[in-house]
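The structure appears right after this line, and notes come after that.
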Amino acid sequence: MAKKITSILIANRGEIALRVIRACKELGIRSVAIYSDEDTRAVHVKRADEAYHIGPAPPAQSYLNMAKIVETAKMAGADAIHPGYGFLSENENFPQMCEKNGIIFIGPTAKAMDVTGDKMKCKVVMKKAKVPTVPGSDGTIEDVEKAADIAHEAGYPVMLKSAFGGGGRGIRLCKDEKQLRQEFEMASAESKAAFGKSALFVEKYLQRIRHIEFQLIRDSHGNGRHLFERECSIQRRHQKLIEMSPSPVVDQKTRERIGEIAVRAAAAVDYLNAGTAEFLRDPEGNFYFIEINSRLQVEHPVTELVTGLDLVKLQIHVAQGGEISFKQEDLKMNGCAIECRINAEDPFYDFAPSTGPVPNCNIPYGPGIRVDTYLYPSCTVSGYYDSLVAKLLAWGRNFEEARVRMRNALDEFTIEGINTTIPLYKTIMNEDNFIKGEISTDYLDRFKVFDKMNNEVKAEASKNAQAAVAAALLQSEFVKKGSPSQSSVNGNSQKISKWKMMRATI
Ligand code: MV4
């Protein structure tokens, strides 16, 4: 062990800050929170051992203010910083600044971040390491004629990508050469403005794909392990909505084969700490590596539920120089886990952000249910930060048990005052194609899931209205006959809400 970590500053907010605080408490590590003006009443501030105000609400002046955060860590005597996800988590200057100040960064090295952050650089390294990548150009392309040649060879349609894009930014679909030439000029101008060079590359376009990723952990002694896959195909505009493990299309042999490739990919960039190797899978079952995410991801609890491991504790162990204590063969996948990302967005109104006070909320629990959230009754959802307010997870011995638990937990979950993505997930949990595991990155459009959601909600409202009318009629009959409020309809002599009774029969 290089240096045992005794205190951690958490350079984040919301549910992930709480997640890291919990790991600290388990390990007897002092937790140091930071917060903006907007978060004075946030739970992470209350639960941490110490909390320091670092600036105004806008992230640029608080959670992204690297110098201020490092200064706060030194002032508080924290010996490590956990970046969470988002904010500074993938900024290679952050581990660098931490190192200069004698603070352990709980995450990858600046060098590994640099390589994984440049998709083309990363792809070149992967090709050398015999990691399968999408057919296309071998490096960035400066001129449009070369791009057209490569596209011709790969066959249209092709994808034009920026080496520095992310989350769907900087990717363009080109159906033919004419479109490629147009898009190339635009993309290249954009790229030059942003990065000073035309960092573009061409790939064969893969259709009806799934997004399947492998969780990785690697220590400073060169030990790397994969913690199986997560199926993340249900997305909207490159935002993941539902993740699960195992993937319905990954069998044990494939898991071992692609897992081994993912571990090799991590070794090829001398990766350190927790990361994720992202693959695209085509309908023929081919896997293509696309990138490594150099952070702990939002959906890491899915993997925790099926492996029984605590990824944040593992991260801390590895960051202080500890060796991974298990072999690949020691890991066993147990059951199935599904995660729904509950966002403060209106799925009936093109996912418009929905923020403000939450006067009350009811958070589900029960067998196999886990909720990672910063919500509490009378909290406020800020418009300054990302829209994720809770991660609802269901574990079951198999997919069906997890799915039913998820469906029931979604019914229990109420968040007053704001709109959320919960109604969409209720629809998906009962949707035939989802149940069959028939999902791809175009799942929502392909199966008209939003139409289904709208129809279900209308049908539900109509049933409720009918039940209300029927209950009122029934009540007036009783009144006429002078009946007591005891109902004997259906042979039931118990006191029962007439509305509930009618609702059950309509
Ligand atoms: C692709 C692709 C098809 N063919 N590359 C989108 C974000 C970036 N991480 C990779 N992306 C894609 N790259 C080739 N050659 C389709 C996508 C893509 C996608 C990938 C993963 C999850 C959701 C997606 C939604 C649309 C497009």
Side-chain angles (χ1 to χ4, degrees), residues 85-86 90 116-124 126-127 131-141 147 150-176 179-180 183-184 187 190-191 199-214 229-245 247 249-250 258 262 265 275-295 297-299 302 339 341 351 428 434 438-447 449:
Y85 53 72
E90 288 176 279
T116 56
D118 181 333
K119 302 214 171 104
M120 201 62 237
K121 231 193 245 176
C122 190
K123 191 171 175 180
V124 170
M126 292 312 162
K127 274 185 114 166
V131 171
T133 54
V134 187
S137 58
D138 278 329
T140 51
I141 307 171
I150 290 160
H152 182 77
E153 207 175 301
Y156 285 94
V158 296
M159 207 76 150
L160 187 60
K161 296 188 175 184
S162 160
F164 300 104
R169 276 173 300 116
I171 67 167
R172 292 149 194 268
L173 176 60
C174 310
K175 291 197 301 287
D176 50 30
Q179 202 181 359
L180 175 76
E183 298 282 0
F184 193 92
E190 260 176 41
S191 176
L200 300 175
F201 61 105
V202 173
E203 281 182 356
K204 184 174 178 52
Y205 176 64
L206 307 170
Q207 268 152 316
R208 194 140 292 168
I209 47 168
R210 288 175 186 252
H211 171 146
I212 297 174
E213 57 187 31
F214 278 73
E229 81 280 7
R230 291 185 292 256
E231 160 88 57
C232 306
S233 295
I234 300 188
Q235 313 201 350
R236 180 190 166 270
R237 303 208 180 141
H238 305 291
Q239 294 294 325
K240 291 173 189 159
L241 295 172
I242 297 177
E243 303 97 345
M244 65 178 109
S245 188
S247 162
V249 294
V250 175
I258 308 299
T276 301
E278 222 178 281
F279 293 86
L280 301 181
R281 179 198 181 270
D282 70 16
E284 286 75 52
N286 302 306
F287 281 76
Y288 303 95
F289 169 92
I290 48 168
E291 59 185 277
I292 289 186
N293 291 309
S294 56
R295 61 173 186 280
Q297 286 186 279
V298 172
E299 61 271 29
V302 169
E339 172 178 273
R341 296 191 186 190
F351 291 74
I428 295 175
F434 175 76
E438 188 60 43
I439 52 180
S440 49
T441 54
D442 61 351
Y443 166 80
L444 294 173
D445 292 330
R446 187 177 168 209
F447 299 115
V449 177

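Numbering of ligands and ligand atoms starts at 1, following listing order. Every heavy atom of this structure was used, including side-chain atoms; hydrogens, water molecules and symmetry mates were not.
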Look at the side chain of [X] and the backbone N and O of [Y], then say whether any donor-acceptor pair between them is shorter than 3.5 Å.
| X | Y | value |
| --- | --- | --- |
| S191 | A199 | yes |
| S245 | E229 | yes |
| D282 | N286 | yes |

Which of the atoms of ligand 1 are close to [X], meaning less than 4.0 Å from one of its heavy atoms?
| X | result |
| --- | --- |
| Q235 | 22 (C), 23 (C) |
| I290 | 9 (N), 10 (C) |
| L280 | 1 (C), 2 (C), 5 (N), 13 (N), 20 (C), 21 (C) |
| V134 | 15 (N) |
| E278 | 9 (N) |

Heavy-atom nearest neighbour of atom 18 (C) of ligand 1 within options H238, E291, Q239: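 It is H238 that holds the nearest heavy atom.
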Carboxylate-amine/guanidinium proximity below 4.0 Å for K240 and E213: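 Yes, this pair counts.
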Charged N-O contact under 4.0 Å between E231 and R281: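 No, this pair does not count.
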Are any of the N/O atoms in [X] less than 3.5 Å from those in ligand 1?
| X | answer |
| --- | --- |
| L206 | yes |
| K204 | yes |
| Y205 | no |

Least distance between heavy atoms, K204 atom then V134 atom: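 In this case the closest contact between K204 and V134 is O-CG1, 3.4 Å.
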Sub-4.0 Å heavy-atom approach of Q207 to ligand 1: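 Q207 does not count as a contact of ligand 1 under the 4.0 Å cut-off.
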I171, portion touching ligand 1 at heavy-atom distance under 4.0 Å: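 Side chain only.
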Residues, nucleotides or ligands: over 12 heavy atoms within 6.0 Å of K127 NZ: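 For K127, atom NZ is crowded (more than 12 foreign heavy atoms under 6.0 Å).
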CA sep, side-chain torsions, deciding dist, call: F447, I428, side-chain contact (heavy atoms from CB on, under 4.5 Å): CA-CA 10 Å; F447 299 115; I428 295 175; over 6 Å; no
